[in-house]
Amino acid sequence: MNKRFVYFICLVAAMGGLLFGYDWVVIGGAKPFYEVYFGIADSPTMQGLAMSVALIGCMIGATLCGSLADRIGRRWLLIVSSLIFFFSALGTGAFNSFTAFLCARFVGGIGIGVASGLSPMYIAEVSPSDIRGRLVSLNQMTIVLGILGAQVTNWLIADDIQGGIITADSWNALMGWRWMFWAAAVPSAAFFLLALFVPESPRWLLLKGRRKDAEEIIRRLGYGELEFPEDVADSRPADGGMKALGRHAKVLSLGLFIAVFQQWCGTNVIFNYAQEIFQSAGYEVGDVLFNIVITGIANVVFTIVAINTVDRWGRRSLMLLGAGGLCLVYLALGCCYYLQVTGVFMIVLVVAAIGCYAMTLGPCTWVLISELFPNSIRAVAVSICTFALWVGSSTLTYTFPFLNSALGSYGTFWIYSAVCAAGFLLLYRQLPETKGMRLEDMGNN
């Protein structure tokens, strides 16, 4: 294996994850400032719309990802997604109208939806089976680095808050939130330039009958015949793989559940609604932004643990560990909110939840989605599962303010605990182990 080249193209593809993570979370830090600017601080409906409109774009981007990836190839779609990120970052920070702001966030969501499915799929298709989990997990690493980058950027830009008071004429309300979004333009431009040097997926080329082109890239990757056997070409999809979906309904249903469960487990509301969660625990806005950075660091650290364990412990073990661990942490977190516990212990529990998620459900979901399906339906199946993931994410994000208002923080986290318990039982019964398997053998067991 040409290790340097393989890691280079996987890291470039994973830059889609970096921008996905940044764009997804940056709004959480900008939230208290743009709400004052647009005058929606007292409107839960508008607040929920601002937070969830990008997720609607994610669903559309995820829907388009599969057909476009089969039609124009993985490489060109990576390039297109980098341009979407670039222009949406500029537009989101530039607009003075709330409607235009929502449109820019919607476009950015399309980029997230495309990249979230495409990046791990591309990495899986160019990776050897023995380290595929590690390489696909690099995408999750860049996601959490993007999250941390957004958290640090938000904290640094907003570090002049005095007494937790945000006024309409303050710099943060007028300009600070704009720079939080504009900062994403720099890595977006870098992603575009580097993506120009990434080769097409050999498996996609073989599915299109372009064997000579595929063999040339395989030589550059330094792989042997066993990694890209003859049966790749024999599984060429008909109609973008749609006709073959019915024959793999069981594995597709499992993929859909895994995708939705990653969101409904509840951890991502900590990133999107960190302000409310930490304020409920007794912290002011300035302290909240610092605490969010702590959670981001924990996210990175435990994702590194996942990269080093996913190919040794296996996907199934980590998914079960994540579901069971989060069930217990959320149960404790809900009890602490019910008993009105405040202070550093609440941060410890939140970090425990993020750490558990970061080394299990976070990366393993993307690994499983990218490798569960046979070649003939992979692009379409990944697209469908990614769409389902963003449906789960949008419903989770939009409903949290209402749940939090109706049930309190304790009731909301107890619901997430129950969801995790149910997820553990289903995964225990249905999820097979996929570590070390060839992509060509997926869907046959």
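Start at 1 with the first residue, then count along the sequence. What you are looking at is a predicted structure, and each value in this text was computed from that prediction instead of being measured.
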Do you know the tightest heavy-atom contact between [X] and [Y]?
X    : Y    : value
T360 : G322 : OG1-CA, 3.1 Å
Y122 : R74  : CD1-CB, 3.6 Å
V136 : P120 : CG1-CB, 3.9 Å
A185 : A89  : N-CB, 3.9 Å
F20  : I112 : CD1-CG2, 3.4 Å
Q47  : A41  : NE2-O, 2.7 Å

Can you tell me how far the CG atom of D311 sits from the CZ atom of R132, to the nearest 0.5 Å? 8.0 Å

Rounded distance [0.5 Å steps], CG in L396 versus CD in Q262: 11.0 Å

Between [X] and [Y], how do the two ring planes meet: parallel, tilted or perpendicular, split at 30° and 60°?
X    : Y    : result
F8   : F5   : parallel
F101 : F181 : perpendicular
W177 : Y34  : perpendicular
F38  : F98  : tilted

Give the intermediate values and the outcome of side chain to side chain contact (heavy atoms under 4.5 Å, CB included) for residues Y7 and L135. CA-CA 8 Å; Y7 271 86; L135 291 176; 3.6 Å; yes

Side-chain atoms of residues 414-422: list all donor-acceptor pairs with protein atoms under 3.5 Å, sequence neighbours left out, distances to 0.1 Å.
| residue | atom | partner | partner atom | Å |
| --- | --- | --- | --- | --- |
| W414 | NE1 | L331 | O | 3.3 |
| S417 | OG | C327 | O | 2.7 |

E216 bridged to R220 by N-O distance under 4.0 Å: no

Are D130 and R134 close enough for a salt bridge, meaning some N to O gap below 4.0 Å? no

Hey, do the aromatic rings of F257 and W264 have their centres closer than 6.0 Å? no

Pair F86 + F192: ring centers closer than 6.0 Å: no

Can you check whether [X] reaches [Y] side chain to side chain, under 4.5 Å on heavy atoms?
X    : Y    : value
C65  : L68  : no
I304 : M141 : yes
W366 : M121 : no
F261 : L427 : yes

Could you tell me if [Y] and [X] have a donor-acceptor pair between their side chains, going purely by distance under 3.5 Å?
X    : Y    : value
S116 : W390 : yes
Y357 : N299 : no
E371 : T434 : yes

With R105 as the cation and F95 as the aromatic partner, state whether NZ or CZ is under 6.0 Å from the six-membered ring centre and within 45° of the axis. no

Who are the side chain to side chain donor-acceptor pair (under 3.5 Å) partners of S201, not counting sequence neighbours? E125

